[in-house]
Amino acid sequence: MSDLPEYVIERSFAAPCALVWRTWTDPELLSRWYGPGVETIIHKFDLRPDGMWLNEMKWGEKSDLSRMHFQEVVSEERLV
């Protein structure tokens, strides 16, 4: 077990699974909705097991850089 926090996000959407999957896995779409009210910049998005997502959210003079590592990728089913 890692000392880093683990976040589990579960949501229900009234939308086709393929569309929800695409919004989470297409960097252009993801950057448009991921951080409402802030500028979201996706510096890297390597969608595969052991791939990395490097994300920056900017608001005014402040910014937050996040790095996520994909563990599992099962199209339209599971993104860990």
Side-chain angles (χ1 to χ4, degrees):
M1 177 164 238
S2 172
D3 291 336
L4 297 174
E6 180 176 311
Y7 300 96
V8 177
I9 300 171
E10 294 183 25
R11 303 255 173 106
S12 296
F13 295 93
C17 184
L19 179 59
V20 175
W21 178 263
R22 189 169 159 232
T23 61
W24 271 104
T25 60
D26 180 328
E28 183 178 326
L29 294 175
L30 183 58
S31 68
R32 293 192 332 208
W33 74 267
Y34 184 70
V38 300
E39 179 185 5
T40 300
I41 302 164
I42 298 176
H43 294 283
K44 182 174 182 174
F45 195 84
D46 184 9
L47 184 65
R48 62 180 175 82
D50 297 318
M52 183 177 66
W53 169 16
L54 186 58
N55 187 70
E56 181 178 5
M57 299 174 79
K58 297 174 92 174
W59 60 101
E61 297 297 316
K62 299 179 182 182
S63 70
D64 177 63
L65 190 61
S66 299
R67 182 178 70 197
M68 286 71 74
H69 293 270
F70 296 111
Q71 295 175 353
E72 293 179 55
V73 178
V74 180
S75 184
E76 296 187 21
E77 186 177 319
R78 188 173 178 88
L79 189 58
V80 177

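As the structure is a computational prediction, the values presented were derived from the model and not from experiment. Along the sequence shown, residues carry numbers from 1.
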Notebook entry, point to check: So Trp59 and Asp64, side chain to side chain contact (heavy atoms under 4.5 Å, CB included) or not? Walk me through it.
Noted result: CA-CA 9 Å; Trp59 60 101; Asp64 177 63; 3.9 Å; yes
Atom of [X], atom of [Y] and distance for their closest heavy-atom approach:
{"X": "Met57", "Y": "Tyr34", "value": "SD-CE2, 4.0 Å"}
{"X": "Leu54", "Y": "Arg67", "value": "CD1-CB, 4.1 Å"}
{"X": "Glu56", "Y": "Leu65", "value": "CB-CD1, 3.8 Å"}
{"X": "Val73", "Y": "Pro49", "value": "CG2-N, 4.1 Å"}
{"X": "Phe45", "Y": "Thr25", "value": "CE2-O, 3.3 Å"}
{"X": "Trp24", "Y": "Leu79", "value": "CB-CD2, 4.2 Å"}

If hydrophobic clusters are built from ILVMFWY residues whose side chains come within less than 4.5 Å, do [X] and [Y] share one?
{"X": "Leu29", "Y": "Met68", "answer": "no"}
{"X": "Trp33", "Y": "Val38", "answer": "yes"}
{"X": "Leu30", "Y": "Val20", "answer": "yes"}

Notebook entry, point to check: Roughly how far, to the nearest 0.5 Å, is the CD atom of Glu28 from the CD1 atom of Ile42?
Noted result: 10.0 Å
Notebook entry, point to check: Taking atom OG of Ser66 and atom NE2 of His43, what is their separation to the nearest 0.5 Å?
Noted result: 10.5 Å
Notebook entry, point to check: Within a radius of less than 6.0 Å around CD of Glu72, do more than 12 heavy atoms belonging to other residues, nucleotides or ligands occur?
Noted result: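 Count over threshold, so yes.
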Notebook entry, point to check: Parallel, tilted or perpendicular: which describes the rings of Trp53 and Phe70, with under 30° parallel and over 60° perpendicular?
Noted result: parallel
Checklist line | Ion pair Asp46/Arg48, N-O distance below 4.0 Å | finding: yes
